[in-house]
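Here's the structure we're looking at; comments come further down.
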Amino acid sequence: MIYEIKEKLAALADESTFWDKIFVGTRNAAVRALAFLPDERYAKWFYKIYTKKNLDLKNPTRFNEKLWWLKLNNRDPLLTKCSDKHLVRGYVSDCGYSDILIPQVGVFDSANDINFSQFKESVIAKCNNGSGWNVLYSPDMADFNEREAKNKLARALKTRYHLVSREWNYKNIPPKIVVERVVRDKAGNLPSDYRFFCFAGTPKLLMMDFGVLDNNGAHQHKFPRNIYDMDFQLLPIRFGRDNYTGEVKKPENFERMKEIAAKLSQPFPMCRVDLYNLDGKIYFGELTFYHGGCCQEITPEEWDLKMGSWIDLDSTKIVRKS
């Protein structure tokens with residue numbers, strides 16, 4: 001019942017600002033109410049609500065089960081740096097890929113510090129310590145509501161994102177608002193996401209999400225996705241969402257994208273590397289360690305188990321909590 005209510009609120013949140021406030025407010029209230037629960041108890045409760053399955057942390061075999069184990073046990077400080085949408089830029093540069101960073105035009109501690117009229121080009125504002133709540137601004141947007149945009153960002157800054165699904169890596173990130181230039185293709189479209197699932201530095205799967213952001217830059221709760229192998233062959237996998245039915249062409253520089261994903265993910269037992277590819281130009285998106293809060297269903301089951309087998313919980317890349 002709780003999951004069904006959450007899904008209905010998420011769908012409504014895509015339709016209006018009012019329901020977006022209700023959705024975020026309800027989720028935050030639930031998170032605050034359950035903040036007292038120890039991480040493992042919360043994990044089992046959270047997983048059961050979303051998947052209707054019991055979470056096995058003693059002998060994890062499935063993809064999400066192993067990610068939950070990592071979430072509760074891996075305390076590598078590099079996870080925090082690379083989860084911060086501002087500080088991760090330094091990590092990407094250190095890996096030799098400063099050329100794929102989207103230009104950043106501002107970093108702010110408060111939404112009230114932002115004067116959107118100072119930006120003479122299209123920009124997107126988002127928080128460095130969470131997901132969603134993006135604000136897109138363009139000088140030619142006649143209907144841009146600056147007050148509402150700042151209120152949205154202020155609400156995001158106050159959200160204790162690490163408590164939503166107990167992602168420790170977000171806990172110690174000082175909340176800030178980062179503003180980047182908007183990148184589009186020659187037709188004016190916002191980019192599709194190329195999400196590489198990498199295991200101990202080896203890309204094995206590509207997840208492509210379509211229409212994650214609407215034309216105003218808002219994060220959508222409903223969108224299709226496909227899963228490909230490293231030869232860009234479509235795989236018969238449903239990963240939390242229905243498949244995309246349109247034509248998708250393999251990028252000409254796909255091999256370089258794989259090389260970048262491998263290098264950026266090398267220090268981690270499992271890492272999702274998000275890239276964009278616009279008219280042949282590769283851009284960095286973000287690094288994610290616990291996709292979908294580790295609760296999105298993978299079918300058929302054989303793929304859930306296969307992906308789980310790619311995560312080595314005895315890896316030296318894990319910094320176990322003391």
Side-chain angles (χ1 to χ4, degrees), residues 3 37-83 131 161-171 193 195-209 225 227-230 235-241 258 261-274 286-322:
Y3 176 76
L37 283 179
D39 286 345
E40 186 169 325
R41 283 185 60 192
Y42 183 92
K44 292 180 178 180
W45 172 83
F46 191 87
Y47 187 79
K48 182 74 171 182
I49 284 178
Y50 274 78
T51 69
K52 300 180 174 64
K53 298 177 182 177
N54 294 320
L55 177 61
D56 186 349
L57 293 172
K58 291 185 178 180
N59 184 34
T61 56
R62 299 175 184 275
F63 177 73
N64 284 316
E65 288 179 336
K66 286 194 173 183
L67 283 190
W68 269 106
W69 189 95
L70 287 172
K71 192 192 299 187
L72 298 176
N73 291 281
N74 191 8
R75 294 297 181 261
D76 184 351
L78 187 57
L79 293 170
T80 295
K81 178 177 181 178
C82 289
S83 298
S131 178
Y161 191 79
H162 71 281
L163 289 177
V164 175
S165 68
R166 300 300 168 100
E167 297 188 36
W168 168 88
N169 45 308
Y170 287 107
K171 183 177 181 179
D193 296 87
R195 307 183 189 274
F196 289 87
F197 280 66
C198 305
F199 300 80
T202 300
K204 289 183 176 287
L205 295 176
L206 169 68
M207 171 184 286
M208 284 201 68
D209 287 345
R225 69 165 48 124
I227 308 296
Y228 300 87
D229 65 16
M230 289 299 95
L235 295 173
I237 302 174
R238 187 185 187 278
F239 196 158
R241 300 182 184 277
K258 287 162 55 177
K263 181 67 177 291
L264 295 180
S265 65
Q266 194 280 329
F268 310 108
M270 191 276 155
C271 176
R272 195 191 82 197
V273 180
D274 293 4
E286 64 180 18
L287 300 183
T288 297
F289 302 99
Y290 307 113
H291 171 81
C294 312
C295 287
Q296 291 188 344
E297 183 182 24
I298 301 170
T299 55
E301 183 181 30
E302 64 186 88
W303 275 102
D304 193 1
L305 294 170
K306 179 181 290 190
M307 292 170 63
S309 72
W310 293 337
I311 300 177
D312 180 10
L313 297 185
D314 294 319
S315 171
T316 57
K317 298 179 186 293
I318 299 171
V319 180
R320 294 173 182 262
K321 65 181 181 181
S322 57

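E167 CD to C294 SG: the interatomic distance, rounded to the nearest 0.5 Å, is 6.5 Å. Annotation: the span from Q266 atom CD to T202 atom OG1 amounts to 9.0 Å, rounded to 0.5 Å. The distance from atom OG1 of T51 to atom CD of Q296, rounded to the nearest 0.5 Å, is 12.0 Å. One finds the CG atom of L206 at 7.5 Å from the CD1 atom of I227 (value rounded to the nearest 0.5 Å). To the nearest 0.5 Å, atom CH2 of residue W68 and atom OH of residue Y47 are 10.0 Å apart. The structure places CG of L70 at 11.5 Å from SG of C271, a figure rounded to the nearest 0.5 Å.
A 4.5 Å side-chain heavy-atom check between N73 and K321 finds at least one atom pair inside the cut-off. Taking the side chain as every heavy atom from C-beta outward, K71 and F289 never approach each other to under 4.5 Å. Under the 4.5 Å side-chain criterion, counting only non-hydrogen atoms from C-beta, Y50 is not in contact with N64. Counting only heavy atoms from C-beta outward, the side chains of L78 and F268 approach each other to under 4.5 Å. Using a 4.5 Å cut-off on side-chain heavy atoms (C-beta onward), L79 and Y290 make contact.
Sequence neighbours left out, the pairs with a member in residues 53-66 that pass salt bridge (charged side-chain N to carboxylate O under 4.0 Å, His left out) are R62-E301, R62-D304.
Of all heavy-atom pairs between A261 and V273, the closest is O-CG2, 3.7 Å. The minimum heavy-atom distance between A262 and S265, with the atom names listed, is O-OG, 3.3 Å. Closest heavy-atom contact between N74 and V319: OD1-N, 2.9 Å.
For D312, there are no salt bridge (Lys or Arg N to Asp or Glu O under 4.0 Å) partners, not counting sequence neighbours. The salt bridge (Lys or Arg N to Asp or Glu O under 4.0 Å) search around R225 returns D209, not counting sequence neighbours. With sequence neighbours excluded, the residues that form a side-chain hydrogen bond (donor to acceptor under 3.5 Å, both in side chains) with K258 are E255. Under the ring-ring contact (aromatic ring centres under 6.0 Å, His included) criterion, H291 pairs with F197, F239, not counting sequence neighbours. For D229, there are no side-chain hydrogen bond (donor to acceptor under 3.5 Å, both in side chains) partners at least two apart in sequence or on another chain. Applying the side chain to side chain contact (heavy atoms under 4.5 Å, CB included) rule to A200 yields the partners K317; only residues at least two apart in sequence or on another chain are considered. Considering only residues two or more places apart in sequence or on other chains, T80 meets the side chain to side chain contact (heavy atoms under 4.5 Å, CB included) condition with W168, I173. Every residue meeting the salt bridge (Lys or Arg N to Asp or Glu O under 4.0 Å) condition with E286, not counting sequence neighbours, appears here in chain and number order: K85, R272. The salt bridge (Lys or Arg N to Asp or Glu O under 4.0 Å) search around K44 returns E40, not counting sequence neighbours. By the ring-ring contact (aromatic ring centres under 6.0 Å, His included) test, W310 is found to be paired with F199, residues two or more places apart in sequence or in another chain being considered. Considering only residues two or more places apart in sequence or on other chains, S83 meets the side-chain hydrogen bond (donor to acceptor under 3.5 Å, both in side chains) condition with N169.
Cation-pi geometry between K48 and W45 is not met: the NZ or CZ atom fails to fall both under 6.0 Å from the ring centre and inside 45° of the normal.
Within a 6.0 Å sphere centred on CZ of R75, other residues, nucleotides and ligands contribute more than 12 heavy atoms.
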side-chain contact (heavy atoms from CB on, under 4.5 Å), that's the test. Do D274 and L287 meet it? Break it down for me.
CA-CA 6 Å; D274 293 4; L287 300 183; over 6 Å; no
Determine whether W303 and L235 satisfy the following criterion, side-chain contact (heavy atoms from CB on, under 4.5 Å), listing intermediate values before the conclusion.
CA-CA 10 Å; W303 275 102; L235 295 173; 4.0 Å; yes
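In this structure, D193 contributes its side chain and M208 its backbone to no donor-acceptor pair below 3.5 Å.
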